[in-house]
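I'd like to ask you about the structure that follows.
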Protein chains: 2
Amino acid sequence: MKRKSFKTMSCPIARGLDRVGEWWSILILRDAFAGLKRFDEFEESLGIAPNMLTRRLKALTASGLLEKRRYSLHPPRYEYVLTARGRDFRPVLTTLMAWGNKHFAPEGKSVRLIHVPTGREADPILVDRVSGLPIAAPEFRMAAGPAANERTRRRYEGAEDAR
Amino acid sequence: MKRKSFKTMSCPIARGLDRVGEWWSILILRDAFAGLKRFDEFEESLGIAPNMLTRRLKALTASGLLEKRRYSLHPPRYEYVLTARGRDFRPVLTTLMAWGNKHFAPEGKSVRLIHVPTGREADPILVDRVSGLPIAAPEFRMAAGPAANERTRRRYEGAEDAR
DNA sequence: CAGTATCCTGTCCGATACTG
DNA sequence: CAGTATCGGACAGGATACTG
């Protein structure tokens with residue numbers, strides 16, 4: 001991509017993006033969460049060219065989001081499964097889905113979040129784990145942490161938060 | 001980009017990605033939430049080439065995430081502020097930040113989520129708005145909705161959810 | 001089935017120079 | 001200050017053919 005190198009990025013968002021920033025990567029993760037595992041399953045679900053799928057799968061594996069596992073000896077067969085790091089990505093997908101549903105679904109929802117035991121649709125919101133308070137501005141805001149570099153520090157110190 | 005056209009994408013994640021999929025877009029939104037508004041503020045904070053900034057700002061404005069507002073008549077001066085649609089993107093940024101902090105911050109956090117009144121760091125988790133239940137697999141899962149197309153429906157029906 | 005090998009195009013992005 | 005214009009490089013992504 002020829003972007004600023006990982007080394008100089010002190011922002012966790014930028015670092016995360018560095019692993020899943022390509023368009024297909026997030027869609028592959030979405031499918032992995034849906035239970036897809038095999039190369040041809042991804043290929044069919046995504047409508048992606050096989051060489052691209054290979055590339056993205058390799059990158060995701062190298063970043064530690066997926067693990068390539070042999071599930072059959074002969075013939076040799078492999079499957080791609082989410083690692084703990086990959087599974088931790090689920091909230092990002094969930095909020096992205098909620099946002100997409102709210103703003104870009106003129107003809108209704110095509111994917112919903114379901115509470116399996118009751119079958120009812122869920123509406124995901126963010127809360128603070130300890131206080132239980134809903135996370136909303138301006139009560140909650142981002143701020144530079146101990147490992148922030150100069151640029152990051154400046155970004156969060158001067159201006160007040162956007163509402 | 002030359003990807004599958006918006007028309008054929010029945011997935012809210014793909015549709016959302018279509019608006020913020022480029023690498024810089026999300027970083028620009030991050031800065032907008034930090035309170036940045038002016039062209040040169042973004043330019044300085046991001047270290048982005050001016051032509052690219054122009055393009056991304058135009059795209060974000062066209063997608064309705066930012067609004068270009070004139071805040072001075074002479075000299076003519078403009079600022080870019082988040083719309084309601086853009087502000088709704090915040091949870092995605094927050095979860096992405098949390099994920100990045102957890103998995104790609106070997107030397108500690110550079111950005112934190114702060115509860116302003118107490119000054120304490122928050123730990124964002126997703127819960128269902130109505131039931132208050134934490135959103136986690138396998139109790140919660142994605143499923144095809146009423147507006148899903150054939151491909152989307154198939155993706156979620158056969159396989160069981162990944163843990 | 002699970003990919004690899006080629007070739008090609010589009011465009012993201014960077015660098016730089018310039019303007020009202 | 002807030003951009004526009006132009007040039008060039010790298011690579012994401014597509015299409016297709018082929019292999020153990």
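Every value quoted in this text rests on a predicted model; they were computed, and no experiment measured them. Computed over heavy atoms, backbone and side chain alike; hydrogens, waters and symmetry mates excluded. Below, read A as the first sequence line, B as the second, and so on, with proteins coming before strands; counting in each chain starts at 1.
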For A:His103 and B:Asp88, test the side chains for any donor-to-acceptor distance below 3.5 angstrom and give the result as yes or no.
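On atom types as modelled, these side chains qualify, holding a pair under 3.5 Å.
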Expressed as a whole number of angstroms, how long is the span from A:Leu57:CG to C:dT4:C1'?
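So the two atoms are 14 Å apart, to the nearest Å.
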Does a side-chain N or O of A:Trp23 approach OP1 or OP2 of D:dC11 to a distance below 4.0 Å, or not?
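So the side-chain polar atoms of A:Trp23 never come under 4.0 Å of the phosphate oxygens OP1 or OP2 of D:dC11.
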Determine: side-chain N/O of B:Arg38 to OP1/OP2 of D:dG3, distance under 4.0 Å, yes or no.
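No, B:Arg38 has no side-chain N/O under 4.0 Å of OP1/OP2 on D:dG3.
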Residue-phosphate contact under 4.0 Å: B:Lys37 side-chain N/O, D:dC1 OP1/OP2:
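Negative; the distance criterion is not met.
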Among D:dG13, D:dA17, D:dG3, the one nearest A:Pro50 by side-chain distance:
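So the nucleotide nearest the side chain must be D:dA17.
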Side-chain donor or acceptor of A:Arg55 under 3.5 Å from a matching atom on the base of D:dA12?
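When only heavy-atom distances are counted, A:Arg55 does reach the base of D:dA12 through a donor-acceptor pair under 3.5 Å.
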Round to the nearest Å and state the distance from B:Arg70 atom CZ to C:dG20 atom C1'.
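Taking CZ of B:Arg70 and C1' of C:dG20, I get 13 Å after rounding.
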SB check A:Lys109 A:Glu121 (cutoff 4.0 Å):
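Looking at A:Lys109 and A:Glu121, the cut-off is met.
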Any idea which of C:dT4, D:dC1, D:dG13 is nearest the A:Thr54 side chain?
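Given the options C:dT4, D:dC1, D:dG13, the side chain of A:Thr54 is closest to C:dT4.
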Just say parallel, tilted or perpendicular for the rings of A:Phe104 and A:Trp99, cut-offs at 30° and 60°.
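Geometry flag for A:Trp99 against A:Phe104: perpendicular rings.
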Nearest whole angstrom, please: distance from the P of D:dC7 to the CG of B:Asn51.
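Rounded to the whole Å, the gap is 13 Å.
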Let me know the distance between CD of B:Glu43 and P of D:dG3, rounded to the nearest Å.
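My rounded result for the distance is 10 Å.
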Dot-bracket summary - DNA chain D, pairs being Watson-Crick or G-U whose distances fall under 3.5 Å, with | when paired to another strand
||||||||||||||||||||
Given atom CG of A:Leu27 and atom P of D:dG14, what is their separation to the nearest angstrom?
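From A:Leu27 CG to D:dG14 P: 11 Å.
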Give the nucleotide from the list D:dA2, D:dA15, D:dA12 with an atom nearest to the side chain of A:Met52.
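It is D:dA12.
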Which whole-number value in Å describes the distance from B:Lys58 NZ to D:dA2 C1'?
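Checked: the NZ to C1' distance equals 11 Å.
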May I have the distance from B:Asp18 (atom CG) to C:dC12 (atom P), rounded to whole angstrom?
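Between P of C:dC12 and CG of B:Asp18: 11 Å.
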Closest approach to the side chain of B:Phe39, judged atom by atom: which nucleotide of D:dA15, D:dG13, D:dA2 is it?
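The closest nucleotide is D:dA2.
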Looking just at side-chain N and O atoms, do A:Thr152 and B:Ser110 make a donor-acceptor pair shorter than 3.5 Å?
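Short answer, no.
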Less than 4.5 Å apart, any side-chain heavy atom of B:Leu96 and any of A:Phe89?
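Sidechains of A:Phe89 and B:Leu96: in contact.
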Less than 4.0 Å between a side-chain N and a carboxylate O, is that true for A:Arg38 and A:Glu79?
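No, A:Glu79 and A:Arg38 are not salt-bridged.
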Measure across B:Ile114 and A:Ala143 and return the closest heavy-atom pair with its distance rounded to 0.1 Å.
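That would be CG1-CB, 3.8 Å.
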Roughly how far, to the nearest 0.5 Å, is the CD1 atom of A:Ile13 from the CG atom of A:Asp18?
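It is 13.5 Å, given to the nearest 0.5 Å.
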Where the side chain of A:Tyr78 is concerned, which of C:dC1, C:dC13, C:dG3 is the nearest nucleotide?
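Output: C:dG3.
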Reckon A:Tyr71 has a side-chain N or O less than 4.0 Å from the OP1 or OP2 of C:dC1?
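It does not, given that no N or O in the side chain of A:Tyr71 lies less than 4.0 Å from OP1 or OP2 of C:dC1.
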Rounded distance (Å) that lies between atom P of C:dG3 and atom CZ of A:Arg77:
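Spelled out: CZ on A:Arg77 to P on C:dG3 is 9 Å.
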If you check the B:Tyr80 side chain, which of D:dG3, D:dA15, C:dG14 turns out closest?
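Selected nucleotide: D:dG3.
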